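Structure first, commentary second.
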Amino acid sequence: MRGKEIMIDMKDIVALCKRRGFIFAASDIYGGLNGFWDFGPLGVELKNNLRDQWWKSMVITPPLGLDGKPVQIVGLDSAIIQNPKAWIASGHVGGFSDPMVDCRETKKRYRADQIIVLVPKDTEGSWLAFEEGTDELLKRKKMVKFWGSNILNTATLLTKFDISDYDKIIAPDAKKAGTLTEPRQFNLMLDTYPGVVRDDAHKAYLRPETAQGIFLNFKNVVDSSRVRIPFGIAQIGKAFRNEVTPRNFIFRSREFEQMEMEWFCEPDEAKKWHEFWIEERKNWWRSMGLTSDNILMRPHDADELAHYAKEGLGTYDVEYKFPFTDPGFGELEGIAHRCDFDLKAHQEHSGQKLEYFDQPNNKRFIPHVIEPAAGLTRGVLALICEAYTIDETRPSGCYLNFLPALAPKKAAILPLTAKDEHVPIAQKLYMELREEFPVDLDIKQNIGKRYARQDEIGTPYCFTIDNDTLSDSTVTVRDRNTMKQERINLDNVAKYLREKIKPVS
RNA sequence: GCGGACGUAGUUCAAUGGUAGAACACUAGCCUUCCAAGCUAGUUAUGCCGGUUCGAUCCCGGUCGUCCGCUCCA
């Protein structure tokens, strides 16, 4: 069990995911590619299930709003590649690339725009570099050490210096001067060149978030779909980021899938809606089977806010305790207050009016935006980690305890033996059930092995046809979690599944 | 991108400068009336490229990948 005597090893989860066809390394036969992953036959089912639950909870059956009536949310599927001007407006071209410097002596890496260099008034001797936020006392000690009592100086950002000055600068943790490398740009957006000619004029970006596609279509949606403020636009899709260090299985990958909803509302109602969505989103993740102990709601500190959220009322993270973050937590979703940052920016850069006209009150304004932005890829990983249950008493050693509604396979139909009497009944049941549920028919090998396999892929129910079936038309139902069996009538199997696999939330 | 460790079947682990082996898993058959049982047979590996060598999985270099620590993380 999680957090108890038996520790869960991420390696075992990764091995299970590969062994049973949930997740493979992308281009595995070529040795993989760092930060890219493929979803196998069961992984894609699981991912689709989680995706569909989100879509249903947002677009098909959105929650009741502050007035007790269902809120209005419409869907969208925008292109991955948009006009590159969109990413200039959004701040990603300017703000999504950081200049980094390395220290050759200490092997540490710093953001050049967060290093402050103190230069003595007479510019003689060593210049001292500090990370932003370094304690004043520490600074003073170092100044006294290098400059004696003569500590008059000017403070300048490292980015303002010419590379020829670097040999005078002592890096924050170094003893000698001149150990910092030239700043290098880390561009966190992947780019591409639409069209057959590859030159800078045709450079475009793979979206680093799906959100901007929503803002770009704000006007189109308002003009075409009779939505009225407050309302939301929801989108699910791939996004791409050049993560410096893809790590922790699919948690931080360079290609991943997002589920984002932009909620447009009146500026003075934004705070209320922010709180509303924080509560909604927490409850949604719980309804997906993530237990309270492993879920955490965390407000962002001011210094970790994204560029668009700085003027807003902050961001709340929904975080999950993954085995590799335990006892810490990792982000599943951020619920940001984006103010009117994005629409205003796109209005300025595009020259198009992105105001909303409130007809009854005869007023125009740029809506404020609350953004619940969830990671579908991360969500799948959280579901797997949450479901992974060690049970040394059973042959498989573990099972995946998915909610029935999310399990890739809802049931397996197993003739107890491969004899002629059992198999045809199983086949008939399978043909009937598959019209309504994703189910497996497994005839080969002894029954224990087949139960074990279904445990490992998280199938909640197994229906077994035995000799009693021949005489009284009953089958056994085996419950994945308890391994208990009961007999039900063959005719009631579909009904049984329908009742057990209730829609979540 | 930096530093360190590592890379042998699906998994866990052997072995060797000269034919790469086991267990479990997997597949098939037999058997089997409920939890990876039994019997028989079978598939599957030295990440990739190069160098040294008569010969390299082993030694060396590069590369790719993994893990740990930095760094980054909208």
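Chain letters run A, B, ... following the sequence lines, proteins first, then strands; residues in each count from 1. Small disclaimer: the values here were computed from a predicted structure and weren't measured. The figures here come from the full heavy-atom set of this structure, side chains too, leaving out hydrogens, waters and symmetry mates.
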Query - Along RNA chain B (nearest heavy atom to each residue), the more 5'-positioned of G448(A) and E243(A) - result: G448(A)
Query - Whole angstrom value for the distance that separates C1' of C2(B) from CG of L180(A) - result: 14 Å
Report task. For I443(A) and C34(B), give me the distance from atom CD1 to atom P, rounded to whole Å. Result -> 19 Å
**Report entry** Identified ring pair (Phe, Tyr, Trp, His ring centres under 6.0 Å) partner of W87(A) from the options H349(A), H346(A), H92(A)
**Finding:** H92(A)
Query - Separation between the P atoms of U27(B) and U43(B), rounded to whole Å - result: 16 Å
**Report entry** Any W54(A) side-chain heavy atom under 4.5 Å of L376(A) side chain
**Finding:** no
Query - N446(A) CG to G38(B) C1', straight-line distance once rounded to whole Å - result: 10 Å
Query raised in the report: Reckon E260(A) touches a base, only the sugar-phosphate, or nothing at all at heavy-atom distances under 4.0 Å?
Result: nothing
Query raised in the report: Which nucleotide in the list G65(B), C72(B), U32(B) gets nearest to the side chain of T417(A)?
Result: U32(B)
Requested in this report: Taking atom P in both U52(B) and C58(B), compute the distance separating them and give it to the nearest angstrom.
Outcome: 14 Å
Report task. Write down the distance between CG (L190(A)) and P (C72(B)), rounded to a whole number of angstrom. Result -> 20 Å
Requested in this report: Could you give the distance separating A45(B) and A36(B) at their C1' atoms, to the nearest angstrom?
Outcome: 24 Å
Query raised in the report: Under 3.5 Å, is there a donor-acceptor pair linking the side chains of E333(A) and Y316(A)?
Result: no
Report task. Provide, to the nearest angstrom, the distance between the OH atom belonging to Y451(A) and the C1' atom belonging to A37(B). Result -> 15 Å
Query raised in the report: In dot-bracket, 5' to 3', how would RNA chain B read with Watson-Crick or G-U wobble pairs under 3.5 Å, [ ] for crossing ones and | for pairs to another strand?
Result: (((((((..((((....[..)))).(((((.......)))))....(((((..]....))))))))))))....
Query raised in the report: Does R450(A) come within less than 4.0 Å of D440(A), counting only side-chain N to carboxylate O?
Result: no
Requested in this report: Test the R281(A)-W277(A) pair against the cation-pi criterion, namely NZ or CZ under 6.0 angstrom from the six-membered ring centroid and within 45° of the ring axis.
Outcome: no
Between protein and nucleotides 27-31 of chain B, what N or O pairs are separated by less than 3.5 Å?
| residue | atom | partner | partner atom | Å |
| --- | --- | --- | --- | --- |
| U27(B) | OP2 | Q445(A) | OE1 | 3.2 |
| U27(B) | OP2 | Q445(A) | NE2 | 2.9 |
| G29(B) | OP1 | K444(A) | NZ | 3.2 |
| G29(B) | OP2 | K444(A) | NZ | 3.0 |

Report task. Salt-bridge test for R480(A) and D455(A): reply yes if a basic N is under 4.0 Å from a carboxylate O, no otherwise. Result -> no
Report task. Test the K47(A)-F39(A) pair against the cation-pi criterion, namely NZ or CZ under 6.0 angstrom from the six-membered ring centroid and within 45° of the ring axis. Result -> yes
Query raised in the report: Of the nucleotides C68(B), A36(B), U66(B), which has the atom closest to the R247(A) side chain?
Result: C68(B)
Query raised in the report: Over how many whole Å does the gap from N481(A) atom CG to C35(B) atom P extend?
Result: 19 Å
Report summary line: Residue pair A15(A)/W37(A) against RNA chain B: nearer the 5' end by closest nucleotide is A15(A)
Report task. Could you check how far CZ of F249(A) sits from P of G65(B), rounded to whole Å? Result -> 17 Å
**Report entry** Separation between the C1' atoms of C72(B) and C6(B), rounded to whole Å
**Finding:** 24 Å
Query raised in the report: Reckon E331(A) touches a base, only the sugar-phosphate, or nothing at all at heavy-atom distances under 4.0 Å?
Result: nothing
Query raised in the report: Using a cut-off of 4.0 Å on non-hydrogen atoms, how would the nucleic acid contact of N34(A) be classed: base, sugar-phosphate, or nothing?
Result: sugar-phosphate
**Report entry** C26(B) to G61(B) separation - C1' atoms, rounded to the nearest Å
**Finding:** 38 Å
Query raised in the report: Can you name the residues that form a side-chain contact (heavy atoms from CB on, under 4.5 Å) with K139(A), not counting sequence neighbours?
Result: L118(A), F130(A), T134(A), E136(A), M143(A)
Query raised in the report: Can you check whether K419(A) has a side-chain N or O nearer than 4.0 Å to OP1 or OP2 of U32(B)?
Result: no
**Report entry** P gap between A5(B) and G21(B), integer Å
**Finding:** 32 Å
Report task. Kindly confirm or rule out a cation-pi arrangement of R254(A) over F240(A), judged by NZ or CZ under 6.0 Å from the six-membered ring centre and within 45° of its axis? Result -> no
Query - C1' gap between A14(B) and C48(B), integer Å - result: 24 Å
Query raised in the report: Hey, is E260(A) close enough to R207(A) for a salt bridge, meaning N to O under 4.0 Å?
Result: no
Report summary line: Which of U66(B), C35(B), A36(B) is nearest the side chain of R478(A)? It is C35(B)
Requested in this report: Considering only atom C1', compute the distance from C2(B) to U11(B) and round it to an integer number of Å.
Outcome: 33 Å
Query raised in the report: G10(B) P sits how many Å from D12(A) CG, rounded?
Result: 18 Å
Query raised in the report: Below 3.5 Å, does any donor atom in the side chain of R20(A) face an acceptor in the base of G10(B), or the other way round?
Result: no
Query - Salt bridge present between E456(A) and R453(A) (N-O < 4.0 angstrom) - result: no
